[in-house]
Colleague: 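Below is one structure. I have some questions about it.
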Amino acid sequence: MTEEPILERLFRVVASRQGASLERSYTAKLFQRGRLKIAQKVGEEATETVIAAVAQDKAAIASESADLIYHLMVLWADCGLEPKDIWAELERREGISGLEEKSSRTP
């Protein structure tokens, strides 16, 4: 028996917080505040991850990366996406040069 990956488990918990009690769930509060606030939090966590990387602080990079992934999952759930959608996009890009992939995008 294989255990479900942590990212899948985390997403299930995040998604289950939509409509949950605002007094008991930070995630429910994020959903209630709306997509703009969720997107803002993703940006904040991305910036904090960059700052930790510039400082070359491995523990802070790990911590801020975890925050960033969590907030991305809240955004995905709010947008009706699931991790499998992101994994499918990554698989689509697998084996394609990053330069080639970028040039194939429509402006």
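It should be emphasised that the depicted structure is a prediction, and the values quoted were computed from it without experimental measurement. These numbers come from the heavy atoms of this one structure, side chains and all, not from hydrogens, waters or symmetry mates. Start at 1 with the first residue, then count along the sequence.
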Colleague: Hydrophobic clusters join Ile, Leu, Val, Met, Phe, Trp and Tyr when side-chain heavy atoms are under 4.5 Å apart, directly or via other members; which others share one with Leu36?
Modeller: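 Direct or chained contacts put Leu36 with none.
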Colleague: Rounded at 0.5 Å granularity, tell me how far NZ in Lys37 sits from CD in Glu44.
Modeller: 5.5 Å
Colleague: Minimum heavy-atom separation for Ala77 to Val14, with atom names?
Modeller: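 That closest heavy-atom pairing would be CB-CG1, 4.3 Å.
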Colleague: Going by side-chain heavy atoms closer than 4.5 Å, which hydrophobic residues are tied to Val50, directly or by a chain of links?
Modeller: Val54
Colleague: What's the spacing between Leu75 CG and Phe31 CZ if we round to 0.5 Å?
Modeller: 9.0 Å
Colleague: Does Leu22 belong to the same Ile/Leu/Val/Met/Phe/Trp/Tyr cluster as Tyr26, with side-chain heavy atoms less than 4.5 Å apart forming each link?
Modeller: no
Colleague: Looking at every heavy atom in both Leu30 and Lys41, which two are closest together, and how far apart are they?
Modeller: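 Heavy atoms of Leu30 and Lys41 come nearest at CD2-CG, 3.9 Å.
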Colleague: Between Glu8 and Trp87, which heavy-atom pair has the shortest distance, and what is it?
Modeller: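 Smallest interatomic distance, heavy atoms only, reads OE2-NE1, 2.6 Å.
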Colleague: Kindly say whether Val13 contributes a backbone atom to a donor-acceptor pair with the side chain of Ser16 at under 3.5 angstrom?
Modeller: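 Looks like yes, one N/O pair under 3.5 Å.
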Colleague: Can you tell me how far apart CE (Met73) and CD1 (Ile86) are? Round to the nearest 0.5 Å.
Modeller: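 Reported value, rounded in 0.5 Å steps: 8.5 Å.
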Colleague: To the nearest 0.5 Å, what is the distance between CG on Leu72 and CG on Leu7?
Modeller: 10.5 Å
Colleague: What closest approach, in Å, do Tyr70 and Thr27 show between heavy atoms, and which atom pair accounts for it?
Modeller: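 So the two residues come closest at OH-OG1, 2.6 Å.
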Colleague: Can you see which heavy atom on Leu68 is nearest to which on Val42, and at what distance?
Modeller: CD1-O, 3.6 Å
Colleague: With rounding to the nearest 0.5 Å, note down the distance linking CD in Glu48 to CD in Glu64.
Modeller: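 Spacing of CD (Glu48) from CD (Glu64) equals 4.5 Å.
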Colleague: Quick check for you: to the nearest 0.5 Å, what is the distance between Thr49 atom OG1 and Glu45 atom CD?
Modeller: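 Atom-to-atom, Thr49:OG1 and Glu45:CD are 6.5 Å apart.
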Colleague: Ignoring hydrogens, what is the shortest heavy-atom contact between Pro83 and Trp76? Give both atom names and the distance.
Modeller: CA-CZ3, 4.1 Å
Colleague: Treating Ser25 as the side-chain partner and Ser21 as the backbone partner, does any N or O pair qualify as donor plus acceptor under 3.5 Å?
Modeller: no
Colleague: Apply salt bridge (charged side-chain N to carboxylate O under 4.0 Å, His left out) to the pair Arg93 and Glu89, showing each step before the final yes or no.
Modeller: CA-CA 6 Å; Arg93 295 180 185 191; Glu89 177 61 16; 2.9 Å; yes
Colleague: Tell me, please, which residues at least two apart from Asp78 pass side chain to side chain donor-acceptor pair (under 3.5 Å).
Modeller: Arg35
Colleague: Would one find more than 12 heavy atoms of other residues, nucleotides or ligands at under 6.0 Å from atom CZ of Arg33?
Modeller: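 Count not over threshold, so no.
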